[in-house]
Amino acid sequence: MNWKKPFGVSLVPLFLGLLFFSASLTPSLIPRDWFMQGLLGGIVAALGYMAGRLLLTLWLQMYLPVLRGPAFIVGHLLVGAPVLVALILSLAKVGEWQNAIRDRMGMELVSSARIVQMIIVAFLVFTLLMMLGGLVRVIFNRVRLWLYRFMPERTANISGLLIVALLLFIVTRDGVVNRLIGAADSSYTVAQKLFDTDQAPPSDPLRSGSNASPVDWGAMGQPGRNFINGGPDAAAIAEFTGEEAQNPLRIYVGLANADTPKERADMALSELQRVGAFDREVLIVALPTGTGWLDPGSFDVLEYMHGGDIASVAVQYSYLQSPLALIFETDAGLEQARELIETVHGYWRTLPEDDRPRLYIHGLSLGAWASMYGTTLEILLDDPIDGALWAGPPFPSARWNEAMAARNPDTPYVAPEVGDGRLVRFASHTKSAGGPDGWGDMRLVFLQYSSDPIVFYQPSSLWRAPVWMRQPPAEDVSPDLRFMPVVTQFQLALDMAFALSVPGGHGHSYYAHDYIGAWEAVTAPEGWTDADTERLKQRCGNGKQEGCEN
């Protein structure tokens with residue numbers, strides 16, 4: 001028997017692949033079911049195997065010594081035995097690890113890890129990736145052999161590698177994947193238009209999409225129509241506060257309502273002027289998530305807190321889910337945010353300071369990232385806004401990274417404090433924003449959950465443990481979470497994809513209860529008390545619904 005390659009598989013790379021698979025069974029931020037665990041395990045096992053093959057090839061190419069005969073067998077046993085032990089122990093613990101996260105998040109526990117099914121999925125994924133890797137190897141060999149006719153062998157090998165890498169990049173980013181994303185975007189556009197008649201246009205002339213509005217109701221898109229028709233009215237707010245209330249103003253411009261970001265921003269400003277939004281006490285400029293969705297849990301509580309004396313405006317920039325929009329339509333959200341915020345702020349600053357609303361910026365997820373980008377230094381320093389609330393800020397957000405870099409070193413990374421809290425504060429499901437007192441002229445709050453991978457993913461986790469993994473775990477983070485090069489990166493990437501699969505208050509599922517304290521700190525509603533907060537929490541349910549009961 002050939003101990004080096006039984007069945008055509010190199011043993012040392014296989015051991016590395018099995019080690020990666022074992023590490024993938026350990027917990028991360030979001031609990032995984034057996035199918036997703038199998039998918040993850042198959043991917044990282046293939047990566048481990050390919051990395052092992054690469055290292056073995058480099059070793060042989062450098063003509064370094066290799067074991068032969070009995071020493072070869074003993075060496076493989078010494079390497080393979082600990083790997084097999086780690087694999088067996090990890091398989092025995094995987095159910096316990098995943099249930100521990102579920103328990104911390106108040107989720108239903110699973111009775112079985114379904115290890116057999118998980119291994120089958122992992123094996124199928126591993127096999128498929130190995131076949132794809134073999135295909136790439138065949139292409140590389142053909143390219144380099146063809147190049148041998150024109151250049152030296154070493155140069156041809158390097159050139160062939162670069163050519164194949166470039167081809168793969170073009171196919172995945174600008175070819176097949178890009179076409180699929182474009183098709184998904186177009187199909188979602190069609191899907192939104194298919195529901196033109198699911199809700200009648202509002203009869204209230206002060207609502208976008210009404211007969212009095214230049215914003216076409218049918219072209220607004222489903223997320224916009226839900227936003228306009230949602231939220232409490234004056235009667236519901238008055239019933240809650242016991243005082244006279246106003247109907248909140250909501251303005252929304254869909255992606256299909258105008259051709260360019262500038263035109264959509266101008267349409268939004270025109271709507272604000274038409275409905276008298278600048279006569280209200282509070283004005284919120286918001287950027288939605290990638291699909292155009294706005295979290296009712298945020299806007300509903302804010303409208304209750306201010307007695308309806310508030311206007312909110314948002315403009316759509318994409319139809320894709322936020323992770324896809326972040327990768328493939330990055331500039332669209334940033335450009336729309338800049339145009340909307342600059343347009344509204346530009347008009348707002350022409351109004352008398354004592355006769356204009358307090359102006360705040362808001363966004364969730366990709367909306368937070370885009371709105372941070374649109375909140376330029378000019379807007380922060382030259383006749384600045386009154387504040388901002390950014391929820392679930394994605395890890396690339398520059399302004400969030402600046403705030404995190406300024407955190408007091410003795411504070412937790414997932415719940416930091418910055419200076420004396422007069423300009424920037426962080427809040428979560430366990431950490432208060434500190435209320436409306438003790439601020440300077442502007443109030444910036446980041447609402448983030450300690451188990452949110454959208455916030456705490458770090459690209460450097462490919463080779464280095466993120467800062468938060470080197471600190472005591474938060475209450476909804478497993479104490480068994482461990483760093484493993486490469487594997488942790490893919491665990492967190494999968495966590496991002498399923499960050500909304502957990503109950504409110506965890507992962508990327510932000511909900512009304514946690515917005516209340518954050519908005520109180522940012523907007524300082526007049527006469528608001530702790531008793532009001534508790535009553536509003538009761539009205540806004542237990543976090544399993546998106547908004548508040550009206």
Side-chain angles (χ1 to χ4, degrees), residues 3 6-7 9-52 55 73-105 107-127 129-130 451 453 461-466 468-474 476-495 498:
W3 284 82
F7 308 108
V9 177
S10 299
L11 282 177
V12 171
L14 180 61
F15 291 152
L16 185 57
L18 290 175
L19 183 62
F20 275 32
F21 175 78
S22 302
S24 76
L25 300 175
T26 60
S28 51
L29 293 178
I30 304 297
R32 299 183 291 271
D33 61 21
W34 63 270
F35 180 81
M36 296 314 302
Q37 181 60 66
L39 179 64
L40 173 66
I43 292 172
V44 298
L47 286 172
Y49 180 81
M50 288 187 285
L55 292 174
I73 298 174
V74 172
H76 278 71
L77 289 175
L78 290 176
V79 173
V83 171
L84 292 177
V85 171
L87 175 61
I88 293 171
L89 293 177
S90 296
L91 287 172
K93 293 277 289 184
V94 62
E96 178 183 335
W97 282 332
Q98 296 302 318
N99 271 338
I101 309 176
R102 291 184 173 91
D103 184 53
R104 284 174 169 78
M105 295 184 174
M107 300 173 66
E108 182 180 355
L109 304 185
V110 296
S111 58
S112 171
R114 303 182 71 175
I115 292 175
V116 174
Q117 293 93 324
M118 180 262 292
I119 291 177
I120 291 173
V121 171
F123 177 77
L124 292 175
V125 172
F126 177 85
T127 302
L129 292 177
M130 287 296 97
S451 55
S461 62
L462 183 67
W463 67 86
R464 181 180 61 198
W468 52 269
M469 290 185 71
R470 291 176 251 147
Q471 296 182 343
D476 61 346
V477 175
S478 171
D480 295 312
L481 192 153
R482 296 291 184 270
F483 172 73
M484 173 75 173
V486 180
V487 176
T488 296
Q489 170 106 158
F490 281 84
Q491 285 179 319
L492 295 178
L494 188 64
D495 286 344
F498 291 89

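Applying the 6.0 Å contact sphere to CZ of Phe123 captures no more than 12 heavy atoms from other residues, nucleotides or ligands.
Summarising the geometry, atom CD belonging to Gln98 is positioned 8.5 Å from atom OG1 belonging to Thr26; distances are rounded to the nearest 0.5 Å. Taking CZ of Phe20 as the reference point, atom CZ of Phe490 lies at 9.5 Å (rounded to 0.5 Å). Atom CD of residue Gln489 and atom CG of residue Leu494 lie 12.5 Å apart, to the nearest 0.5 angstrom. The line from CE of Met469 to CG of Leu492 is 7.0 Å long, rounded to the nearest 0.5 Å. For the atom pair CE (Met36) and CG (Leu39), the distance works out to 4.5 Å, reported to the nearest 0.5 Å. If you take CG on Asp476 and CZ on Arg102, they are separated by 14.5 Å, rounding to the nearest 0.5 Å.
Of all the heavy atoms in Pro473 and Ser478, the pair that sits closest is CB-O, 4.1 Å. Of all heavy-atom pairs spanning Ser28 and Asp495, the tightest one is OG-OD2, 2.9 Å. Across Ser90 and Leu25, no two heavy atoms sit closer than the pair CB-CD1, 3.6 Å. The minimum heavy-atom distance linking Phe126 with Tyr49 is given by the pair CE1-CB, 4.0 Å. The shortest non-hydrogen separation linking Leu16 to Gly48 is CD2-O, 3.3 Å. Pairing each heavy atom of Gly41 with each of Ala122, the nearest pair is C-CB, 4.3 Å.
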Assess the residue pair Gln491 and Thr488 against the criterion (side chain to side chain contact (heavy atoms under 4.5 Å, CB included)); give the C-alpha distance rounded to whole Å, side-chain angles, the decisive distance to 0.1 Å, and a yes or no. CA-CA 5 Å; Gln491 285 179 319; Thr488 296; 4.1 Å; yes

Walk me through it: do Leu40 and Phe21 pass the test side chain to side chain contact (heavy atoms under 4.5 Å, CB included)? CA-CA 8 Å; Leu40 173 66; Phe21 175 78; over 6 Å; no

One pair to check against side chain to side chain contact (heavy atoms under 4.5 Å, CB included): Val121 and Trp34. What are the steps and the verdict? CA-CA 9 Å; Val121 171; Trp34 63 270; 3.7 Å; yes

Stepwise, does the side chain to side chain contact (heavy atoms under 4.5 Å, CB included) test hold for Val83 with Leu87? CA-CA 6 Å; Val83 171; Leu87 175 61; 5.5 Å; no

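Within the 4.5 Å cutoff, no side-chain heavy atoms of Val486 are placed close to those of Val44. With a 4.5 Å cut-off on side-chain heavy atoms, Glu96 and Asp480 do not count as touching. Pro485 has its side chain out of reach of Leu462: every pair of non-hydrogen atoms, C-beta onward, lies at least 4.5 Å apart. In this structure the side chain of Asn99 never reaches within 4.5 angstrom of the side chain of Met107, judged on heavy atoms. Ile30 places none of its side-chain heavy atoms less than 4.5 Å from the side chain of Ile101. Contact of the Met105 side chain with the Pro31 side chain is registered, since non-hydrogen atoms from C-beta on lie closer than 4.5 Å. With a 4.5 Å cut-off on side-chain heavy atoms, Arg470 and Arg464 count as touching.
Within the 3.5 Å criterion, the main-chain N or O of Ile115 finds no donor-acceptor partner in the side chain of Gln37.
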